[in-house]
Amino acid sequence: MEITKKDIRALSKEELREFFSINDKAFRGNQVYEWLWSKGAHSFEDMTNLSKATRAMLEENFVINHIKVDQMQRSSDGTVKNAVRLHDGLVVESVLIPTNTRTTACVSSQVGCSLDCNFCATAQLKRMRNLNPDEIYDQVIAIDKESRLYHNRPLSNIVFMGMGEPLMNYNNVLKAIDMITSTEGLSMSPKRITVSTSGLPKMIKKLADDEVKFQLAVSLHSAIDSIRASIMPFSKNFPLVDLKESLQYWYAKTKSKVTYEYVVWKNINDNKESVDALVKFCKYVPCKVNLIEYNPIETEGEFQQASDEAIDAYISALAENGIVAKVRRSRGKDIDAACGQLANKS
Ligand code: SAH
């Protein structure tokens, strides 16, 4: 019977050292770790400072999984979307978003999504599985390479706003961020990384307890329970009082501002009551608001971008109350690479 070999990149440095302390000498664990991460080795053959016998022993016990960029699409605005094939054939998407001052990678954390936000294309895909830390890390590396190739600069920021709910793949997302920020990885400052959640109070508190150093964004979209539940049905189980309490806990522990993501839709939240509710919600913890442009997906017209006047009403009410709000125009719409459009269409 063939034994399925373990992906060696699922092991931490400590676990590798432990494996080698039994099979050889612990320091070999460091050497292999360096090959896997700093040098990006794709085969055990490449690890030339190990003996033939050690390489053969690794070959017998492990595989080295890597993602493969199956298809790359470039938008007229410079946005790049990768369709990424995983070792088991499943596909996720990641995006490179260049601006004058930044090049941002938008990465996926799950294959599909188990949440049911009615306005999001990814929600129409079933959640297949969580991504492993190396699969998240590899998306970042692929985008970093493209950033250097097409824009002559390394990646400056990462957002976990691709497919999936990062806080439902908590451990792997945190492990991937550890790698990204470590010297063996990209040495990126955690302040340049944003994890976006649909708002799971227990997990937000866990982030605070774990004293993470990255930024937190919450997809709010409405500060009125009944409206939020009608567009994000899962949120029925997570009322706004619990979200508010978890964010107060987050801020008390981390002193890090929260970003609220908010789309204004016609006949859904383009009314004064919604504006007032958001202003009130924003006073609970130091925050800023990103008003995201709606990217149409196939929903039979249920969701339409609100008028400019409706957006202006939000901007002026927030400004009057000293809350920073920015309007975020979409990028990469022509290749279905914008927020909420990732659905493996290609
Ligand atoms: N599950 C996480 C991250 C993925 S979604 C979360 O909910 O935050 C990334 C962002 O895109 C979220 O703010 C989400 O609400 C938003 N989004 C989803 N569909 C969208 C659409 N069609 N147009 C604009 N933004 C959308």
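Side chains are part of it too, since the values below use all heavy atoms of this structure and drop only hydrogens, waters and symmetry mates. Fair warning: this is a prediction, and the values are worked out from it, not measured in the lab. Note that ligands are numbered from 1 as they come in the structure, with each ligand's atoms numbered from 1 the same way.
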Task: side chain to side chain donor-acceptor pair (under 3.5 Å) against K13, all qualifying residues, sequence neighbours excluded - done: E184
Open item on the list: side chain to side chain contact (heavy atoms under 4.5 Å, CB included) for L36 and I64? Distances and angles first, verdict last.
Closed with: CA-CA 8 Å; L36 292 172; I64 306 178; 4.1 Å; yes
TODO: Would you confirm whether the ring centroid of F44 sits within less than 6.0 angstrom of the ring centroid of W35?
DONE: no
Open item on the list: Checking the N or O distance criterion of under 3.5 Å, is ligand 1 in contact with M161?
Closed with: no
Open item on the list: Could you identify the single nearest non-hydrogen protein atom to atom 6 (C) of ligand 1 and state the distance to 0.1 Å?
Closed with: S219 OG, 3.3 Å
- [ ] Around atom 19 (N) of ligand 1, find the nearest protein heavy atom and jot down its residue, atom name and distance.
- [x] G340 CA, 3.1 Å
Task: Y262/N290 under side chain to side chain contact (heavy atoms under 4.5 Å, CB included): CA gap, chis, key distance, verdict - done: CA-CA 6 Å; Y262 202 101; N290 280 344; over 6 Å; no
Task: Protein contact to atom 2 (C) of ligand 1 [nearest heavy atom, distance to 0.1 Å] - done: S196 O, 3.3 Å
Open item on the list: Is it the case that the ring center of Y260 lies less than 6.0 angstrom away from the ring center of H221?
Closed with: no
Open item on the list: Under a 4.0 angstrom heavy-atom cut-off, which atoms of ligand 1 come close to G162?
Closed with: 4 (C)
Open item on the list: If you measure every N or O of G164 against every N or O of ligand 1, does any of those distances drop under 3.5 Å?
Closed with: yes
TODO: Compare E261, H221, M163 and give the one whose heavy atom is closest to atom 15 (O) of ligand 1.
DONE: H221
TODO: Would you mind listing which atoms of ligand 1 come within a distance below 4.0 Å of any non-hydrogen atom of E293?
DONE: 24 (C)
Task: Protein contact to atom 23 (N) of ligand 1 [nearest heavy atom, distance to 0.1 Å] - done: N295 N, 3.0 Å
Task: Those atoms of ligand 1 less than 4.0 Å from some heavy atom in S198 - done: 6 (C), 7 (O), 8 (O)
TODO: Step through the shown structure and confirm whether more than 12 heavy atoms of other residues, nucleotides or ligands are within 6.0 Å of CZ on R129.
DONE: yes
Open item on the list: Under the side-chain contact (heavy atoms from CB on, under 4.5 Å) test against L207, which residue among T197, L200, L174, T254 passes?
Closed with: L174
Task: F119 neighbourhood, listing ligand 1 atoms whose heavy-atom distance to it stays under 4.0 Å - done: 15 (O), 18 (C), 19 (N), 20 (C), 21 (C), 22 (N)
- [ ] Tell me which protein heavy atom sits closest to atom 25 (N) of ligand 1, plus the residue, atom name and distance to 0.1 Å.
- [x] C339 CB, 3.4 Å
TODO: Indicate whether any N or O donor in one side chain lies under 3.5 Å from an N or O acceptor in the other, for S109 and E165.
DONE: no
- [ ] Select one of side chain, backbone, both or neither to describe which atoms of T197 lie under 4.0 Å from any atom of ligand 1, heavy atoms only.
- [x] backbone
TODO: Answer yes or no for R74 and Y150: cation-pi contact, defined as NZ/CZ to six-membered ring centre under 6.0 Å and angle to ring axis within 45°.
DONE: yes
Task: Test side-chain contact (heavy atoms from CB on, under 4.5 Å) applied to V258 and I204, V285, V289, the passing residue - done: V285
- [ ] Identify, by atom number and element, the atoms of ligand 1 in contact range of C120, meaning under 4.0 Å from any of its heavy atoms.
- [x] 18 (C), 19 (N)
Task: Geometric N/O contact Y294 with ligand 1, under 3.5 angstrom - done: no
